[in-house]
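Residue numbers start from 1 in every chain, and the chains themselves are labelled A, B, ... in the order their sequence lines are given, proteins ahead of strands. If you're wondering where the values come from, they're calculated on a predicted model, not measured in any experiment.
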Amino acid sequence: MTIDEQLEYLRKGCAEIISEKELRSRLEECARKRRPLRVKAGFDPTAPDLHLGHTVLLRKMKHFQDLGHTAVFLIGDVTGLIGDPSGRNTTRPPMTREQILENAETYKKQVFKILDPDRTEIRFNSEWLLELGTLGMIELCSQTTIAQLLEREDFTQRYRQGKPISLHEFLYPLTQAQDSVALKADVELGGTDQKFNLLLGREFQATHGQPRQIVATVPILEGLDGTQKMSKSLGNYIGVDEPPEVMYRKVMQASDELMFRYYELLTDLSLREIAKLKQGAADGSQHPMDLKHDLAARIVTDFHGREGASKGGDAFRRVVQDKQVPDSMPEMSLPVEMRGASVIRLDKLLRAAGLASSGAEANRKLRENSVSVNGAKHRDMSYEVPEGVSELVLKLGKRWARVRLPS
RNA sequence: GGACGGGUGGCCGAGCGGUCAAAGGCAACAGACUGUAAAUCUGUCGGGCUACGCCCUACGAAGGUUCGAAUCCUUCCCCGUCCA
């Protein structure tokens, strides 16, 4: 590939590259010296469950790997070792070495669904940050100013609104910048919300006499609600480890608008191809639902292969569109304390089956006429089991459970 | 160290002695509608109890005043602003 083609390839799906000119000359330089670029991205050790939001970044890293460069997957374990107090409502207990390594293993398993293991270096920032010591830490702090840190938008905002900012949050960009120095990163990738931290890395590298890393930001992926960023705690995520049926269904739940966003950030289709699809949906020549099926199939294929995609698609058509009973659902036996009675308390059973978080909730749902038993809506909390029935198939909203009755 | 303001349900935010399981909004869940969605409309939204009623736990924490406290008092913890 020519340098121009490489640039083109790397640019797709990036929000911003600082700067393209530097990236070009760095690519040229590396081609000359036959040295791969070191492309860094940092991850939090406390949340080892990756979702599609993370994969936007990972896909970009993969693109660098495709061109022969090295991905440096940095696990920010120092925060984990301290017991990060951010969030404030609950102080998280410090994680042990073992837990962190365990999380790292989980990461690997998930990350290598996208990244090429042979071109990936996994590192922990405790390697160098713990060695800094107090003097090193103070020295680190002397490299920037409060005014500069306050330039970061979320800090400014919080400061203006009188919301607390703990000191360690100020330290975080510093350590991240120091990571770039320690790793001699050529490129650092991050979400657009990371821009400030990434840029600080450039400055720190410069004061250490290193060439400044190129910063590439990727857009933050919106979650299934279409507005907030995808995150596990908001519940609007699609996890990379989720079973194909679930993944497929979740993609189908995205709004039409969001669908094109996902096309852009989660598939390898070119912008031109995506524009064509959009046009098709607008003029009616393409049904949006078909496009969404196609998207779901593409995404599921990335993580579960073609087989997973067709499995997910079949399940979706059967269960959601045709309202059939899914062929797999959580199963359980009738709880011991409920056996022997001729009448079953549905509210208690729904809770036991995990379809409702409490008896009160189950009861509400019953009254809302949201519960069906063996295909028929039922709104009374007591249920008389008909003759010859050996199992109860419960449905509450999208969720199902099968309860085997003692014979 | 001092002065002042504040801590309410997942979040925001009213309430400032009873009628408060706590207005309103957001989020969430469910139902209708649909293309699966989105939008819209409707219902629900602490927990327990065979229950349209009773009980328990909740308004930073612990005590107290009162027939009665999210609301008043005391102490403590936490956050913010300003002054040192």
Side-chain angles (χ1 to χ4, degrees), chain A residues 85-91 155 157-169 222-238 245-263 278 280-282 284-297 299-300 312-324 326 337-338 341-352 354-372 376-384 394-400:
Chain A
S86 46
R88 267 165 296 123
N89 26 14
T90 46
T91 355
F155 284 151
Q157 264 183 14
R158 281 202 276 162
Y159 191 66
R160 277 210 201 108
Q161 294 169 357
K163 288 194 179 146
I165 302 172
S166 352
L167 189 54
H168 85 283
E169 295 183 75
E222 292 84 355
L224 290 171
D225 58 297
T227 49
Q228 286 176 288
K229 72 171 189 177
M230 185 175 282
S231 90
K232 195 172 183 192
S233 55
L234 290 171
N236 61 1
Y237 70 103
I238 304 179
E245 294 87 349
V246 176
M247 261 187 156
Y248 199 101
R249 198 193 66 223
K250 285 190 174 181
V251 176
M252 292 304 284
Q253 257 164 33
S255 71
D256 291 356
E257 220 178 313
L258 188 62
M259 157 170 83
F260 291 112
R261 182 81 171 149
Y262 281 10
Y263 258 115
K278 221 183 246 179
S285 63
Q286 296 251 40
H287 197 297
M289 191 180 65
D290 295 332
L291 293 178
K292 212 175 285 178
H293 270 293
D294 173 67
L295 173 70
I299 290 173
V300 176
D314 289 346
F316 184 82
R317 273 177 275 268
R318 192 172 59 244
V319 177
V320 180
Q321 298 189 296
D322 299 338
K323 300 195 192 318
Q324 305 271 305
E337 67 275 14
M338 297 173 83
S342 59
V343 169
I344 285 177
R345 283 289 299 277
L346 278 181
D347 55 341
K348 293 184 194 301
L349 186 59
L350 286 164
R351 186 185 49 191
L355 298 186
S357 56
S358 67
E361 150 118 14
N363 206 269
R364 270 181 244 125
K365 291 304 174 204
L366 281 164
R367 270 191 302 229
E368 287 171 16
N369 207 19
S370 311
V371 176
S372 29
K377 279 279 168 73
H378 203 273
R379 62 187 314 168
D380 197 78
M381 68 180 165
S382 42
Y383 180 80
E384 210 167 323
L394 303 176
K395 176 177 183 282
L396 201 180
K398 306 182 198 58
R399 280 161 303 150
W400 297 76

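A pairwise comparison of heavy atoms in A:R261 and A:E222 identifies NE-OE1, 2.9 Å as the closest pair. Shortest non-hydrogen contact noted between A:V343 and A:S382 is CG1-CB, 3.4 Å. Across all their heavy atoms, A:K229 and A:N236 have their closest contact at O-ND2, 3.2 Å.
Using a 4.5 Å cut-off on side-chain heavy atoms (C-beta onward), A:L366 and A:L350 make contact. A:K250 is not listed as a side-chain neighbour of A:M247, based on a closest heavy-atom distance of 4.5 Å or more. By the 4.5 Å heavy-atom criterion applied to side chains, A:E337 and A:K348 are not counted as neighbours.
A donor-acceptor pair under 3.5 Å is formed between the side chain of A:R158 and the backbone N or O of A:P164.
Note on A:K398: only backbone sugar-phosphate atoms sit closer than 4.0 angstrom, heavy atoms only; bases stay farther off. In this structure, A:Y383 reaches neither bases nor backbone, as no heavy-atom distance under 4.0 Å exists between it and the strands shown.
Taking atom CG of A:L396 as the reference point, atom C1' of B:A28 lies 14 Å away to the nearest angstrom. Look at CE on A:M259: it is 15 Å from P on B:A39, rounded to the nearest Å. Note: CZ (A:R399) to C1' (B:C29) measures 8 Å, nearest angstrom. Straight-line distance from the CG atom of A:L224 to the P atom of B:A27: 15 Å, rounded to whole Å. A:R160 has its CZ atom 16 Å from the C1' atom of B:U81, to the nearest Å. Straight-line distance from the NZ atom of A:K365 to the P atom of B:U44: 10 Å, rounded to whole Å. Taking atom CD of A:E361 as the reference point, atom C1' of B:A21 lies 17 Å away to the nearest angstrom. For the pair A:E257 CD and B:A37 C1', the computed distance is 12 Å after rounding to whole Å.
B:U74 and B:C82 are spaced 27 Å apart, taking the C1' atom of each and rounding to whole Å. When the C1' atom is used for both B:C73 and B:G17, the distance is 13 Å, rounded to whole Å. Using C1' as the reference atom, B:G9 and B:G60 are 14 Å apart when rounded to the nearest Å. Between B:C55 and B:G7, the two P atoms lie 31 Å apart (nearest whole Å). Of the P atoms belonging to B:C45 and B:G25, the separation is 14 Å, rounded to the nearest Å. Rounded to whole Å, the P atom of B:G10 lies 34 Å from the corresponding atom of B:G1. Only the P atoms considered, B:A28 is 14 Å distant from B:A37, to the nearest whole Å. Across B:C59 and B:U42, the matching C1' atoms stand 30 Å from one another, rounded to whole Å.
The environment of A:E257 atom CD is sparse: at most 12 non-hydrogen atoms of other residues, nucleotides or ligands sit within 6.0 angstrom. Surrounding CD of A:E384 are at most 12 heavy atoms belonging to other residues, nucleotides or ligands under 6.0 Å away.
Once rounded to the nearest 0.5 Å, the distance linking OH of A:Y248 with NZ of A:K292 reads 11.5 Å. To the nearest 0.5 Å, the span separating NZ on A:K395 from NZ on A:K323 amounts to 7.0 Å.
Secondary-structure stems of RNA chain B, taken as three or more successive Watson-Crick or G-U wobble pairs (i with j, i+1 with j-1) under a 3.5 Å distance threshold, comprise B:1-7 with B:77-83, B:10-12 with B:24-26, B:28-32 with B:40-44, B:46-49 with B:53-56, B:60-64 with B:72-76.
Checked against B:A38, B:C45, B:G35, the side chain of A:R364 finds its nearest nucleotide in B:C45. The side chain of A:H287 lies closest to B:G35 when the candidates are B:G35, B:G47, B:A38.
For A:R351 and B:G48, the shortest distance from a side-chain N or O to OP1 or OP2 is below 4.0 Å. Between A:S358 and B:G47 there is a side-chain polar atom (N or O) within less than 4.0 angstrom of OP1 or OP2. Phosphate proximity of B:U44 to A:R379: absent, as no side-chain N or O sits under 4.0 Å from OP1 or OP2.
Side-chain atoms of A:D256 come within donor-acceptor range of the base of B:G35, with a qualifying N/O pair under 3.5 Å. Taking only distance into account, the side chain of A:E368 never meets the base of B:G31 through a donor-acceptor pair shorter than 3.5 Å.
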In B/S/- notation (B base, S sugar-phosphate only, - none; protein heavy atoms under 4.0 Å), nucleotides 50-55 of chain B written 5' to 3' is BB----
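Nucleotides of RNA chain B nearest to A:N369 and A:P288 differ in position, and the one nearer the 5' end is that of A:N369.
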